[in-house]
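This report refers to the structure that appears directly beneath it.
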Amino acid sequence: MKRFFRTVVFLASVVCCCGCGRKGEFDGTGSRQYADIAMGTVIRQSIYAPERTADTFIKTAQVYLEHLERDFLSWRLDTSEVYRINASAGSEEGCALSEEMAELLYSCMKLHRDSAGAFDVTLGAAVRLWDIDGWAAGREGEVFSPPSDGAVEEALTFCGGEQINLVRGAESRLFMPEGMRLDLGAVGKGFALAGIGELLKEQEEIGGAVISLGGSILTYGQKPDGSPWRVSIVDPFDTADSVGILTLRGQWCISTSGDYERYAEAGGVRYHHILDPATGYPADSGVRGVTVLSGDGLVSDALSTACFILGPEQGLALAAEYGAEVLFVMADGEIVMSQGMESYIEVGR
Ligand code: AMP
Ligand code: MG
């Protein structure tokens, strides 16, 4: 990992020295603002650092995210480790894993068990069948209709975290049954932000930063004036509004999962992108949005997805197990949160 970080920092410096580095907008408070596309979503970065350092860092982050997507996480690109793992499904030898992937999958399998199966990275076949991401992005001239019950049932036979076997050792291997597909969409952004947090630590001249990637946000360090970070939580009933503001100091990861993020509609019903592994259908736990606060991006991202499926009763217990705070916005507008969350949030619609 360390070697990789050194390589990206070097590559990014080369890119910037060549004069093609992106310039950030100076916002007058000491931070520079950048917006870009990464991992198929928007990345916004506010960096508190001298101009040249900030410009170089965002290139570093961009190179790192491109590497993650291309070489590690993407199920679409045949250059990635996940692609290689998926292609190995059903084979007797399984698939050799990088140390980083073995660690990530180990964490995912633990989360699967701890969430009573709600969080499941082996749902690839069902996720592809629904293809809510594709429909949400828009398909010219086509009308969405949900898959048949039979098709959902069939896809589910290729899913189930309890069916994979991760053997860890000097060379870790993963064994998956035929037809199974990994989909790390529920943890990719949080995992990436955790990596960016490590990159930030290597830059002494960066005093603070806030980076948002899809549904996850990383806060790091502090502002020059010492005031805290303020992060708003989207109101699922009006995404231009917020249900409250988190006041935070130092490094945190805040992840949100919601039925408003990616969905397709048919017959007046909203089919969103978070599937209940027990049914193969979009989760229907009476939750519209969940926000999780944790020091670890992988944990916040995975738990926001899991808690969306589990609902408040089980979700609060799961978050407590991981030392994370959680806030639920329910379909009737009620807000349910962990006790610890109360000390960070100022609720107000
Ligand atoms: P998030 O927006 O972080 O909640 O992640 C949602 C994405 O994770 C979906 O677009 C799918 O790719 C994937 N996914 C859907 N349902 C699940 C689930 N129950 N467990 C793990 N990943 C899921
Ligand atoms: Mg998630």
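The figures that follow rest on heavy atoms only: side chains count, while hydrogens, waters and symmetry mates do not. Atoms within each ligand, like the ligands themselves, are counted from 1 in listed order. When a residue number appears, it is its place in the shown sequence, counting from 1.
- The CD atom of E162 sits 7.0 Å away from atom OG1 of T122, with the distance rounded to the nearest 0.5 Å.
- Atoms of ligand 1 lying under 4.0 Å from any heavy atom of E261, numbered from 1 in the order shown and given with element: 2 (O).
- Here the protein heavy atom with the shortest distance to atom 1 (P) of ligand 1 is T305 OG1, 3.4 Å.
- Between the Mg ion (ligand 2) and S257 there is no N/O/S contact shorter than 2.8 Å.
- Remark: R288 is positioned above the aromatic ring of F237, its terminal NZ or CZ atom under 6.0 angstrom from the ring centre and at most 45 degrees off the axis.
- Each of the atoms 19 (N) of ligand 1 lies under 4.0 Å from some heavy atom of P277.
- For the pair R262 and ligand 1, a heavy-atom separation below 4.0 Å is found.
- Which parts of ligand 1 touch G185 is read off a 4.0 Å heavy-atom cut-off, strictly below it: atoms 5 (O), 7 (C), 8 (O).
- For the residue pair T219/Q251, the side-chain donor-acceptor check at 3.5 Å is not satisfied.
- For W252 and Y344, the distance between ring centers is under 6.0 angstrom.
- Of the residues S338, S343, S294, S300, the one that meets the side-chain hydrogen bond (donor to acceptor under 3.5 Å, both in side chains) test with E325 is S338.
- Ranking the protein heavy atoms by distance from atom 20 (N) of ligand 1 puts D120 N, 2.9 Å first.
- Those atoms of ligand 1 that come under 4.0 Å of a heavy atom in S257, given as number and element, are 1 (P), 3 (O), 4 (O).
- The protein heavy-atom contact nearest to atom 2 (O) of ligand 1 is H273 NE2, 3.2 Å.
- Side-chain polar atoms of Y322 and D114 form a donor-acceptor pair below 3.5 angstrom.
- Proximity of S304 to ligand 1 is not established, as no heavy-atom distance is less than 4.0 Å.
- Residue D284 qualifies as open at atom CG: its count of foreign heavy atoms under 6.0 Å is 12 or below.
- Of the N and O atoms on the side chains of S31 and Q33, at least one donor lies less than 3.5 Å from an acceptor on the other residue.
- Of the listed residues (D183, L111, I309), the one carrying the non-hydrogen atom nearest atom 12 (O) of ligand 1 is D183.
- The nearest non-hydrogen atom to atom 5 (O) of ligand 1, considering only A186, G280, A302, A283, comes from A186.
- Inclusion of V121 in the set of residues having an N or O under 3.5 Å from an N or O of ligand 1 is not warranted.
- The number of heavy atoms from other shown groups lying within 6.0 Å of CZ (R44) does not exceed 12.
- The cationic group of R168 lies under 6.0 Å from the six-membered ring centre of Y106 and within 45° of the ring axis, placing it in a cation-pi geometry.
- The protein non-hydrogen atom at the shortest distance from atom 16 (N) of ligand 1 is L275 N, 3.0 Å.
- The cationic group of R128 lies under 6.0 Å from the six-membered ring centre of W75 and within 45° of the ring axis, placing it in a cation-pi geometry.
- Interface atoms of ligand 1 facing D301, defined by a heavy-atom separation under 4.0 Å, are 3 (O).
- With a 4.0 Å heavy-atom cut-off, ligand 1 is reached by the backbone of A118 but not by any atom from C-beta on.
- Note on G190: not counted as a metal contact of the Mg ion (ligand 2), no N/O/S atom lying under 2.8 Å.
- F72 CZ: more than 12 foreign heavy atoms inside a 6.0 Å radius.
- Under 4.0 angstrom from ligand 1, the non-hydrogen atoms of L123 all belong to its side chain.
- The O atom of D301, the Mg ion (ligand 2) and the O atom of A186 define an angle of 90° (nearest 10 degrees).
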